[in-house]
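This report refers to the structure that appears directly beneath it.
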2 protein chains.
Amino acid sequence: MPESAPTTARARARAELTAEITNTARRHLAEKGPGELSLRAVARELGMVSSALYRYFPSRDALLTQLIIDAYNALGEACEEAERAQRRTDLIGRWRAVCHAARDWAIAHPQEYALIYGSPVPGYAAPKDTIDPASRPLALLIGLMVELDEAEVPASTDVPIPRPLATQLSAMRAEHDIPIDNRRLMAGLSAWTLLFGLINFEVFGRFNNTFEPADQIFDHQIDRAALAAGIPLKNR
Amino acid sequence: MPESAPTTARARARAELTAEITNTARRHLAEKGPGELSLRAVARELGMVSSALYRYFPSRDALLTQLIIDAYNALGEACEEAERAQRRTDLIGRWRAVCHAARDWAIAHPQEYALIYGSPVPGYAAPKDTIDPASRPLALLIGLMVELDEAEVPASTDVPIPRPLATQLSAMRAEHDIPIDNRRLMAGLSAWTLLFGLINFEVFGRFNNTFEPADQIFDHQIDRAALAAGIPLKNR
DNA sequence: CAAGAAATGAGAGCAGTGCTCTTGCTTTTC
DNA sequence: GAAAAGCAAGAGCACTGCTCTCATTTCTTG
């Protein structure tokens with residue numbers, strides 16, 4: 001985010017204060033939830049008056065948007081780091097690493113997770129700045145699928161791809177700039193969908209009183225998804 | 001919901017007013033979202049003062065909880081009705097009917113859907129009254145899986161089930177009182193997870209600018225999930 | 001270096017919120 | 001018919017996001 005080192009003292013102070021504001025806001029968010037995030041409370045804790053805060057964020061929603069972007073990046077980074085730590089050839093290890101990193105982060109930061117993968121709180125379309133950080137886990141996953149031997153993807157789950165869908169897939173391919181065939185792309189998308197479906201269920205309490213803890217069903221389902229996507233469980 | 005016909009005039013009036021309140025609240029919710037649902041606004045529209053509303057609902061959260069229960073039931077009913085309309089032997093037809101009913105309802109009532117499958121708004125654990133209506137779509141799905149020939153479930157996606165998970169599955173089986181083996185149960189759970197992962201992605205805007213419309217990717221993915229769960233695409 | 005411009009913080013104030021409590025009134029119950 | 005319970009209204013409290021004005025501080029520029 002920091003474009004260049006702030007020059008003047010005022011600019012430095014501004015950058016620091018902005019960071020302090022988002023940090024306290026993040027703490028408040030973690031404790032109470034997005035609905036209870038109060039500009040006034042944040043300002044109070046920082047020893048300033050509420051109106052002063054509007055010099056740094058034009059509205060409450062702007063503050064929330066910043067938190068959303070940060071959350072996307074934090075989750076994305078956690079996934080990328082975990083994936084990097086795996087041997088390149090260990091596809092299933094990389095897949096599991098991404099899944100667990102995402103899940104662990106979500107469980108550790110449920111409110112921030114809810115902010116980005118729950119219902120859109122402020123009520124509207126995500127600003128432009130969020131779509132890039134938001135696609136980091138998916139990009140990771142596609143990068144993984146591309147290294148998979150196409151022959152591995154089980155034909156048993158092959159479903160015909162109609163023309164309009166193929167067009168959308170091509171556009172997506174162009175976006176991520178990765179040469180990958182439709183079969184593997186769709187397989188990856190299904191795995192992606194299942195992963196976040198799973199995390200949603202757990203974090204939003206759908207597994208309460210049934211799968212508690214949810215560790216085992218999580219592991220089981222991501223392995224199933226891996227197999228369905230053509231990632232063999234045993235590394236060769 | 002109505003346990004028995006209200007006897008006294010006052011009781012009848014109370015029942016009617018309660019219904020009117022939830023209805024206007026539902027309308028407001030649909031227009032603006034859960035965060036903007038204002039008790040005072042609802043009261044205003046009904047020509048009463050805000051404090052009078054507290055005779056019918058002890059708090060704003062209680063009103064929201066009622067809307068949540070209604071939403072669960074509406075979604076569940078939509079799914080059940082669609083599923084009932086299919087030939088019993090047409091498993092893939094039943095699966096697709098459930099999926100499309102759920103998706104259509106979610107798209108038609110995004111805010112209500114967000115209320116039940118998005119982030120938990122009031123901030124917490126769903127009250128007891130919600131867990132039963134909430135499980136209707138899953139129950140439907142399990143009822144579908146049980147009619148599937150066990151041999152159909154492809155071994156290619158078999159993943160070992162550790163002991164603790166098996167225990168949780170048994171408890172679940174007992175709950176729904178349906179004799180189904182772990183393989184099919186897990187296959188059904190994966191399909192269930194993917195379905196709502198998909199709907200979440202679409203309703204919460206994750207497919208914007210990529211899969212728009214999302215009809216094709218939806219159909220493709222639910223068919224993939226069907227195959228993975230052992231439901232053949234072609235009816236015999 | 002001084003003067004004008006820009007950025008900043010404080011305070012008051014507005015319209016709105018959920019919720020409580022008290023005060024009269026009506027309906028039901030005994 | 002009297003007592004009890006249910007109900008609507010109003011005032012009020014402690015909040016919220018946000019705007020506007022007014023001093024003060026900091027930066028920029030002649």
Side-chain angles (χ1 to χ4, degrees), chain A residues 3-22 24-29 31-68 111 115 120-124, chain B residues 3-22 24-25 27-29 31-68 115 120-124:
Chain A
E3 312 224 330
S4 60
T7 53
T8 87
R10 180 174 259 171
R12 211 173 315 127
R14 182 180 182 83
E16 265 179 43
L17 227 180
T18 307
E20 257 186 283
I21 292 172
T22 54
T24 20
R26 194 177 358 261
R27 268 198 13 255
H28 284 207
L29 170 71
E31 284 169 16
K32 322 204 80 187
E36 332 298 328
L37 206 185
S38 154
L39 270 190
R40 290 180 112 108
V42 172
R44 214 173 304 139
E45 184 169 321
L46 268 74
M48 44 166 67
V49 86
S50 78
S51 61
L53 226 152
Y54 282 80
R55 301 277 178 200
Y56 300 86
F57 292 93
S59 72
R60 198 192 95 117
D61 281 359
L63 215 190
L64 266 180
T65 301
Q66 185 56 55
L67 292 181
I68 289 177
Q111 302 287 7
L115 217 52
V121 229
Y124 45 76
Chain B
E3 311 223 333
S4 60
T7 53
T8 86
R10 180 172 261 174
R12 211 174 314 127
R14 181 182 182 82
E16 264 178 44
L17 228 179
T18 308
E20 255 186 285
I21 292 170
T22 54
T24 16
R27 268 199 12 256
H28 283 207
L29 171 71
E31 284 168 16
K32 322 204 77 188
E36 331 299 327
L37 208 184
S38 154
L39 269 190
R40 289 179 117 110
V42 172
R44 213 174 303 139
E45 183 169 323
L46 269 81
M48 44 167 68
V49 86
S50 78
S51 62
L53 227 150
Y54 283 80
R55 300 271 172 199
Y56 301 87
F57 292 93
S59 73
R60 198 192 95 118
D61 280 359
L63 215 190
L64 265 180
T65 302
Q66 185 56 52
L67 292 181
I68 289 177
L115 216 52
V121 226
Y124 346 6

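The chains referred to below are lettered A, B, ... by the order of the sequence lines, with proteins before strands, and numbering in each begins at 1.
- Close to D:dT16, at under 4.0 Å from its OP1 or OP2, lies a side-chain N or O of A:Arg44.
- Side-chain nitrogen and oxygen atoms of A:Arg14 include at least one within less than 4.0 Å of the OP1 or OP2 phosphate oxygen of C:dT8.
- Within 4.0 Å of B:Ser50, counting heavy atoms only, lies at least one base atom of the nucleic acid.
- To the nearest 0.5 Å, atoms OG1 (B:Thr24) and CG (B:Leu29) are separated by 11.5 Å.
- The two atoms that bring A:Leu63 and A:Ala25 nearest to each other are CD2-CB, 3.7 Å, heavy atoms only.
- The residue A:Tyr56 sits close only to the backbone: its heavy atoms come under 4.0 Å of sugar-phosphate atoms, none of a base.
- Comparing A:Ala52 and B:Leu39 against DNA chain C, the residue whose closest nucleotide sits nearer the 5' end is A:Ala52.
- B:Arg14 and B:Arg55 get closest at one heavy-atom pair: NH2-O, 2.8 Å.
- Within 4.0 Å (heavy atoms only), A:Leu17 reaches sugar-phosphate atoms of the nucleic acid but no base atom.
- Rounded to whole Å, atom P of D:dT19 lies 13 Å from atom CG of A:Leu53.
- Between B:Ser59 and C:dG18 there is no side-chain N or O to OP1 or OP2 distance below 4.0 Å.
- When rounded to the nearest whole Å, the span between CG of A:Leu46 and P of C:dA10 equals 11 Å.
- Heavy atoms only, all atoms of each residue included: B:Leu37 and B:Arg60 are closest at O-NH1, 2.5 Å.
- B:Phe57 places its CZ atom 17 Å from the P atom of D:dG6, with the value rounded to the nearest Å.
- One donor-acceptor pair, N or O on each side, does fall under 3.5 Å between the base of C:dG18 and the side chain of B:Arg40.
- Among the heavy atoms of the strands lying under 4.0 Å from B:Ser51 is at least one base atom, whether or not backbone atoms are also near.
- Nucleic acid contact for A:Leu37: sugar-phosphate only, since backbone atoms but no base atoms lie under 4.0 Å from a heavy atom of the residue.
- Per the geometry, CG belonging to A:Leu64 stands 10 Å off P belonging to D:dG17, to the nearest Å.
- B:Arg40 and B:Ser50 make their closest contact through CG-CB, 3.7 Å (heavy atoms, listed as atom of the first residue, atom of the second, distance).
- Between the C1' atom of C:dC19 and the CG atom of B:Leu63 lies a distance of 14 Å, rounded to the nearest Å.
- The CZ-P distance, from A:Arg60 to D:dT19, rounds to 14 Å in whole Å.
- Comparing B:Met48 and B:Arg10 by the nucleotide of DNA chain D that holds the closest heavy atom to each, the one mapping nearer the 5' end is B:Arg10.
- Per the geometry, CZ belonging to A:Arg55 stands 10 Å off C1' belonging to D:dC20, to the nearest Å.
- We find that OH of B:Tyr54 is positioned 21 Å from P of C:dT23, with the value rounded to whole Å.
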